[in-house]
There are 2 protein chains.
Amino acid sequence: MQNRLTIKDIARLSGVGKSTVSRVLNNESGVSARTRERVEAVMNQHGFAPSRSARAMRGQSDKVVAIIVTRLDSLSENLAVQTMLPVFYEQGYDPIMMESQFSPEKVAEHLGMLRRRNVDGVVLFGFTGVNETLLAPWQSTLVMLARDAAGFASVCYDDEGAIQMLMQRLYDQGHRHISFLGVPHSDVTTGKRRHEAYLAFCKTHRLTPVAALPGLAMKQGYDAVATVTGPDTTALVCATDTLALGASKYLQEQRLDALQLASVGSTPLMKFLHPEIITVDPGYGKAGQQAAQQLVAQINGRSDLQQIVIPATLA
Amino acid sequence: MQNRLTIKDIARLSGVGKSTVSRVLNNESGVSARTRERVEAVMNQHGFAPSRSARAMRGQSDKVVAIIVTRLDSLSENLAVQTMLPVFYEQGYDPIMMESQFSPEKVAEHLGMLRRRNVDGVVLFGFTGVNETLLAPWQSTLVMLARDAAGFASVCYDDEGAIQMLMQRLYDQGHRHISFLGVPHSDVTTGKRRHEAYLAFCKTHRLTPVAALPGLAMKQGYDAVATVTGPDTTALVCATDTLALGASKYLQEQRLDALQLASVGSTPLMKFLHPEIITVDPGYGKAGQQAAQQLVAQINGRSDLQQIVIPATLA
DNA sequence: CTGTTAGCGCCTTCAA
DNA sequence: TTGAAGGCGCTAACAG
């Protein structure tokens, strides 16, 4: 890049010493109001911006964080990332993005690179298989999203609450034969917790649970519908919007209009394509914002490792 | 971060001078094989990684690039970003992501920040309204995607080719009343070019063009279908997958199964949800990769400003 | 081939 | 309240 100004230039231009400029730059006390004003004037006039790398070198911090999403095209994760970006920018952090593609190896690889690169912190969208020992070095500078792990800060969704809300709503509407489409228990949050919340509700309300846990993919939802719907089934709860999309396609093809779908996750796509599906918003946006704030606070040593749970809301 | 090793440490540990270590680090010639091996051994043994900020300061380059997408949840842009990330990592660049949300002001804001940050280069997903004078300072370090602009490097899709392929396919299947759903001409590529390619094909083949250019949104596609379909319409070409999704929903609701849909953009979601739609792949993945490579080449002064066009392929 | 020396832009003592 | 000097980790001259 071109000849950028340095504090030395600003110092010369405003007739003071380098250190005074530095003090002004960092809002340090011990500079007379007049001097400060003058220096600031010169800075603005020339659009001066201090060199990041030079500051980083002295301060030991690059002001860089990483966001590791599972997939760039995850609708829910997108909503979370959308809200965290502004937070990071505002705080002067450069957020670099990476994709894990649900592969623990990729995470390991990425974290290795991030460590070598001396990054300040990481937001990691959790998934089944992330090895916690791998994360150990990041304990104080990592925020996990969508999952919790002992000893790590995290921002989770209210899995139980979300399912409960959907079930209650369906129950109130008179449904008594509600099936469930979910994810295997190896996935603790989206899989186990949501399924168990479903079972718990059934038990409490004396309903007969009928569930399948095929996985996260649309196709899996599509294929599994038949296995959980019988002649008297009136409603179907899906653990994720992706599953619901798959299920919905199946129902449409089979002309099973009568079956009421419900699902966790109300993304814009879902709401447009299938406004008839009852959805609950797990609070993706809020989660992203919270995660970013939590990470920044941790980096600055202004916060303990918190385990935050975002409340769900009926959409 | 902790006490990381420096080249000075490595030098001491391997009994050579700092500059020798530096030479090894940068694969410079003029180091005896034996010395090189020894130094490399020490480096590996200690997992040494040079300080980015120090190098940046010396070299005037932070090795940081920015990717400005229009929206994080754009399916097509996601596909492109997915392929460019690995390229940047491999070349040692940190890619930071930003969202323009189709707002020229946001772009201006982001570019300003990036300039102050002294970023090395930018990949910008173009859209209607991006002010070219705004981009002037980035002329040599910017690659525009999905649009071209005089004086800038760009990677574009083959708009004419894509539409032509769809039309030809439909024509071959016997369709003679093919309508078109597109985007206003203020959008030069997705709007004007695709529409004109449609018109051109109609002219050549003596078809009567029936078109509407509502915009990019799903809802707009949904709403506009009725205006371009009559009793004898047998096919409908959509300029984007988003429009096709909207149109498809309308057709489904109206039970207009007979109408053959076709669209530019074959994203995974489309292919799952509507395999019956004829799609053409504009080459999003390839485009991302090319854009990243082009940008890196430009940054290193190894390339002129090229205007690349990605060939489309029937999916 | 290899070591020494001098900064890059900034922050941090230490004197004045 | 201020300026001068030193050094962060690295690279680029210049000597050996």
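So you know, we letter chains A, B, ... as the sequences are listed, proteins then strands, and number each from 1. Quick caveat: nothing in here was measured; it's all calculated off a predicted structure.
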Expected output: side-chain A:Gln294 to main-chain A:Asp304 donor-acceptor under 3.5 Å: yes
Any chance the side chains of A:Glu105 and A:Ser103 put a donor and an acceptor closer than 3.5 Å? yes
Residues touching DNA chain C, which here means a heavy atom under 4.0 Å, drawn from residues 33-41 of chain A: none
Taking only side-chain N and O atoms of A:Ser53, does any of them lie within less than 4.0 angstrom of OP1 or OP2 on C:dC8? no
Does a donor on one side chain and an acceptor on the other come within less than 3.5 Å for A:Ser19 and A:Ser22? no
Check whether any side-chain heavy atom of A:Arg71 sits under 4.5 Å from a side-chain heavy atom of A:Glu77, and report yes or no. no
Where the side chain of A:Lys286 meets the backbone of A:Pro311, is there a donor-acceptor pair that is under 3.5 Å apart? no
Whether B:Thr6 contacts D:dC8 is assessed here as follows: a side-chain N or O lying under 4.0 Å from the phosphate OP1 or OP2. Is that the case? no
Integer-rounded Å distance: C:dG3 C1' and B:Lys8 NZ: 15 Å
Do A:Arg36 and A:Thr20 come close enough that some side-chain heavy atom pair is under 4.5 Å? no
For A:Ser61 and A:Asp120, which I'm curious about, is there any donor-acceptor pair between the side chains at under 3.5 Å? yes
side-chain N/O A:Thr20 vs D:dG3 OP1/OP2, d < 4.0 Å: yes
Given DNA chain C, 5'-ward residue of the pair B:Met57 and B:Val31, judged by closest heavy atom: B:Val31
Side-chain donor or acceptor of A:Thr83 paired with backbone N/O of A:Gly285 under 3.5 Å: yes
Atom pair distance, as rounded to whole Å: CZ in A:Arg12 and P in D:dG3: 14 Å
Does this structure show an ion pair linking A:Asp94 with A:Arg52, if we count only N-O contacts that are shorter than 4.0 Å? yes
Would you mind reading off the distance between A:Arg4 atom CZ and C:dC8 atom P, rounded to a whole angstrom? 16 Å
Please state how far atom CZ in B:Arg52 lies from atom C1' in C:dC8, giving the value in whole angstrom units. 17 Å
Are any non-hydrogen side-chain atoms of B:Phe125 and B:Ile67 less than 4.5 angstrom apart? yes
Let me have a per-nucleotide readout for nucleotides 11-16 of chain C, 5' to 3', with B, S or -, counting only protein heavy atoms under 4.0 Å. BBB---
Using rotation axes that map the C1' atoms of four end pairs onto the next four (five pairs an end), what angle separates the end axes of the helix from C:dC1-D:dG16 to C:dA16-D:dT1, to 10°? 40°
Can you find a heavy atom in the side chain of A:Tyr93 that is under 4.5 Å from one in the side chain of A:Leu295? no
